[in-house]
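Report on one structure; see the data block that follows.
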Amino acid sequence: MFAYLVRRVLLMLMLLFLLSVSVFLLFAILPGDPARLTCGKACTPAIIESNRHRLGLDEPPLTQYVKFVSGIFVGRTFSADSPQPIKCDAPCLGYSFNRQEQVMSLIARSAPVTFFLAIGAFVIWIVVGLALGIFAALNRGRWGDRLIMGISLIGYSMPSFFLGLLLVFFVIIKWQFLPFPAYVAPWENPFQFFQTMLLPWILLATLYAAFYIRLTRNQVLEVLSDDYVRTARAKGLPERTVVVKHALRAGLTPIVTAAGLDLAGLLGGAIISENIFSLPGLGALAISSIIDSDLPLITGITILTAAIIIFANLVVDLLYAVVDPRVRVI
Amino acid sequence: MTVVQDTAAGFQSAALTGGRSLRQIIWARLRRDRVAMICLVVLVLFYLIGIFGPIVGGMVGIDPYKFDSASISDNAGKPVLDWGGISAAHPLGVEWGTGRDIMAQLLFGLRISLVIATSATLITVAIGTVVGIIAGYSGGWTDSIIGRFMDLVLAFPFLLIVLALSGVLTQRLTQLGVPEGNPSRILYLILVLSVFGWPYLARIVRGQVLSLREREFVESAVAMGSSKRRILFTEILPNLWAPILVYATLTLPAYIGTEAALSFLGVGVLPPETTFGAMLATSVTYFNVVPTYLFIPGTALVILVVSFNLLGDSLRDALDPKAIH
């Protein structure tokens, strides 16, 4: 197990390295000169040049990359030789010249919104997905199963933004059950927080639950036809014990894997849901950084998002190895 | 050589004496599946409309580019009639501000949506199959390197990268000689969908090849001294069509949805051209007043995607050897 753990962690570090290098290279071709964004209307070529030097943007990409990575671990100082150095503490993901703020603190401000969005939706979709999936599997072929599978197929086929717009149209505009979304932190105004998050949660949970219902149903059906389930039934265990303790536990591994990766993907920002419901989360921050050509911010968010996914991959793999020892050989 | 041919012929005749070939069995299963047949008809219709709709539309006089100032009011360009200006001349209404016919836009938009999703699926299948076969058959270092490369591609935040790079890469395509504007933007969409989509299929194919390469017919081909290329593409590839077909049928609707989402976020085609996603993006400004802008392209999109998904599901059931029929 230990050797497996070491191998997986090394692999993760290598992936992170390759990924950050490729993001750097990819974004090196972007237009939008970060130095140009430092001075707004007051820009003259001379100021741009001196700012470029101050911020280390005149250095070759490799040097910039090394400084970026070391900034994550030990922090860094921009324009060290000027009267007003900009100190960026570890973990430093860069400095947005456009917003005159550290990338990390911009992310830290948006991250809670995305976190609440993702966690809330996650809880709903797991509960609904597992419950309906098991129900459908146990009632295979009956009308309950067909109804659930039909609804989940439509949910699965529904483009996220179309469903989002439908929710906005009916719930907010036409029936006026809810006001237009205006995000506040839960500790400031819990009621308004729930009012704002309700539709985004429903939107994301519907899209994901549709997939989890199908996945759970398939898993349970597959396991229920296995020999050991027949044995369990044959020795007279109550049906509930057979389903919950035998079938579900064995069928749960792929569901856990998918759930871990999906949650990680969402934590990196739900661009479309945040866009439709005007939530100031990571996805919205990413979009506005792209619109502003705010290179350090785009790079920071992209690398952070990818790192979350890679890390989640590792966690899921390790969990898998704990549950199923056969995996460790691979 | 003759021995192998004889064996192959033997297998074939065995299959024939058993009744029907695999292909026939699957087709028979599909034909009995009413849902699958309805979806197939709907999809054929969609494709026919995509191909010939604009031509027919031109003959009956609907034109997505023609402004109809009579159908919109002077006040902010709102359609004169209710329901987005639905009338005999414009069965699905007219666009806000220009009076362009919605039905004609739907027909032309369908064509672009289908072109993007279909080409991207074909490229995805080509790359995914070739890479998957090579990784699965070679094993060892080649397999590891390809595997890690796929991990890398899958770890990229797709939407972020595609949005961030769209401006620059579209320009690059123009510099490479692709006509400026929508042709470049369409090609960009096709390319990014394929580039980020192939690893999923490659993984499936690799898994299949891992078990296929241990089978006797591959062993005998190796023993005969067949070239690697021949083993990969003449011996192994024909055994992969079932999972590839199922995957392609389920990827196409996913791409239609992704393309729509990207158009919604502003990466897709520019007016006067349009796609379902672009029409939905435009609808956001007006749908509190004219809800049909939202419902018409949205419904068309959902019908298209649902049909593909249902067909893919049926196909998977039909191809599943474990299925009880």
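Numbers restart at 1 for each chain; the letters A, B, ... are given by sequence-line order, proteins then strands. Quantities reported herein were computed from a predicted structural model and do not represent experimental measurements.
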Heavy-atom distances under 4.5 Å only: say whether B:Val153 touches chain A with side chain, backbone, both or neither. neither
Modelled atom types, side-chain donor and acceptor of B:Arg185 and B:Thr174, under 3.5 Å: no
Assert top hit (heavy-atom pairs under 4.5 Å, partner chain B, pool A:Thr302, A:Ile309, A:Ile310, A:Leu18) equals A:Thr302
A:Ser20 and A:Tyr65: side-chain donor and acceptor closer than 3.5 Å? yes
Given a strict heavy-atom distance threshold of 4.5 Å, which part of A:Leu19 is in contact with chain B: side chain, backbone, both, or neither? both
Out of B:Ile256, B:Leu304, B:Leu154, B:Asp313, which one racks up the most heavy-atom pairs below 4.5 Å with chain A? B:Asp313
Counting heavy-atom pairs under 4.5 angstrom with chain B, the leader among A:Leu163, A:Ile271, A:Ile154 is A:Ile271
Could you tell me if B:Ser263 and B:Glu259 have a donor-acceptor pair between their side chains, going purely by distance under 3.5 Å? yes
Which region of A:Ile308, side chain (C-beta onward) or backbone (N, CA, C, O), has a non-hydrogen atom less than 4.5 Å from a non-hydrogen atom of chain B, or is it both or neither? neither
May I ask you to check whether over 12 heavy atoms, not counting those of B:Phe295, lie within 6.0 Å of atom CZ? yes
Do B:Asp143 and B:Ser138 meet the criterion of a side-chain donor-acceptor pair at a distance under 3.5 Å? no
Yes or no on side chain to side chain contact (heavy atoms under 4.5 Å, CB included) for A:Val23 and B:Phe156, after CA distance, side-chain angles and deciding distance? CA-CA 9 Å; A:Val23 169; B:Phe156 272 106; 3.6 Å; yes
Proximal component of A:Ile173, with respect to chain B [non-hydrogen, under 4.5 Å]: side chain
The interface call for A:Leu165 against chain B, heavy-atom contacts under 4.5 Å, is both
Which region of A:Leu11, side chain (C-beta onward) or backbone (N, CA, C, O), has a non-hydrogen atom less than 4.5 Å from a non-hydrogen atom of chain B, or is it both or neither? side chain
Listed partners of A:Tyr212 passing ring pair (Phe, Tyr, Trp, His ring centres under 6.0 Å), at least two apart: A:Trp125
For B:Phe149, is the CZ atom crowded, meaning more than 12 foreign heavy atoms sit under 6.0 Å from it? no
Using a cut-off of 6.0 Å, state whether more than 12 heavy atoms not belonging to B:Phe158 lie near its atom CZ. yes
Top of B:Leu265, B:Val302, B:Leu152, B:Val306 for chain A proximity - count of heavy-atom pairs under 4.5 angstrom: B:Leu152
Can you say whether B:Leu301 sits under 4.5 Å from chain A via the side chain, the backbone, both, or neither, judging by heavy atoms? side chain
What part of A:Phe170 is in contact with chain B, defined as an atom under 4.5 angstrom from a non-hydrogen atom: side chain, backbone, both or neither? side chain
Which of B:Ala261, B:Ala254, B:Gly257 touches chain A most, by non-hydrogen pairs under 4.5 Å: B:Ala261
So does B:Arg29 pair up with B:Asp317, basic N to acidic O under 4.0 Å? no
Is A:Ile291 in contact with chain B via its backbone, its side chain, both, or neither, using a 4.5 Å heavy-atom distance? neither
What residue in A:Ile287, A:Leu166, A:Ile172, A:Val168 has the most heavy-atom pairs under 4.5 Å with chain B? A:Leu166
